[in-house]
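Taking it in order: structure first as structure tokens, then the write-up.
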Amino acid sequence: MKVLVVEDQPAELKLARLVLGASGMDVEGVPAAEPAMAAIRHHRPHLILLDLELPGRNGLSLARQLKASPETRDICIVAITSYPERYPRAAALDAGCDAYVKKPLDTRQLPGFLRRMAAGESAPG
């Protein structure tokens with residue numbers, strides 16, 4: 001499964017790449033929305049793990065753009081955030097994200113959760 005991790009914090013990006021890569025996923029990581037668009041065109045992922053707090057353009061804006069395009073609307077987007085008061089679940093879902101997870105990420109559960117999401121299962125409430 002191809003996963004694109006959009007995360008501006010180097011340590012968190014490295015952790016996600018290690019955990020997901022160790023579980024057999026093909027993982028690419030980028031630090032912001034614009035490189036994410038280039039990565040999506042080059043290496044179309046099955047799922048995007050999207051930090052909502054990014055430099056420049058935030059993750060909500062990127063999710064809206066991806067879900068508005070026929071070429072990318074079917075990519076599963078899992079929003080992640082350390083700032084649930086600034087980026088609440090309802091805002092992420094309204095922007096088109098398929099699931100919402102607060103940081104810190106549970107690295108033991110993350111690979112299985114992402115596989116279920118990419119397979120089209122509904123996110124837990």
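Residue numbers count from 1 along this sequence.
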Value rounded to 0.5 Å, distance of CG in L20 from CG in L110: 5.0 Å
Pair L66-L50, side-chain contact (heavy atoms from CB on, under 4.5 Å): steps then yes or no: CA-CA 12 Å; L66 293 170; L50 178 62; 5.7 Å; no
Polar side-chain atom of E7 near backbone of Q9 as donor-acceptor pair, under 3.5 Å: yes
Heavy-atom pair of closest approach, residues V27 and G21: CG2-N, 3.8 Å
Inter-residue atom distance M37.CE - S69.OG, 0.5 Å rounding: 7.0 Å
Between CG on residue D26 and NE2 on residue H46, distance to nearest 0.5 Å: 9.0 Å
Heavy-atom pair with the smallest gap, counting every atom of L54 and A33: CD1-N, 4.1 Å
Side chain D51, main chain V6, donor-acceptor under 3.5 Å: no
same_hphob_cluster(Y100, M117) at 4.5 Å side-chain heavy-atom cutoff: no
Candidates R44, H43, E28 - the one meeting side-chain contact (heavy atoms from CB on, under 4.5 Å) with K2: H43
Least distance between heavy atoms, A99 atom then F113 atom: CB-CZ, 3.8 Å
Straight-line distance of R116 CZ to L47 CG, nearest 0.5 Å: 12.0 Å
Contact summary for D8 and E53, nearest pair of heavy atoms: OD1-O, 3.2 Å
Reference residue I48; test side-chain contact (heavy atoms from CB on, under 4.5 Å); the match among V3, T72, I40: I40
CG on D94 to NZ on K67, rounded to 0.5 Å: 13.5 Å
Over all atoms of both residues, closest heavy-atom pair of A39 and V30: CB-CG1, 4.1 Å
Check against side-chain contact (heavy atoms from CB on, under 4.5 Å), S23 and R115: CA-CA 10 Å; S23 73; R115 286 186 204 290; 3.5 Å; yes
L62 reachable from L4 in the ILVMFWY side-chain graph, under 4.5 Å edges: yes
Verify same cluster id: V5, M25 (apolar side-chain graph, 4.5 Å): yes
Distance-minimising heavy-atom pair for L49 and L105: CD2-CD1, 4.4 Å
Under 3.5 Å donor-acceptor, R17 side chain and L13 backbone: no
Atom pair OH/CG of Y83 and N58 - distance to nearest 0.5 Å: 13.0 Å
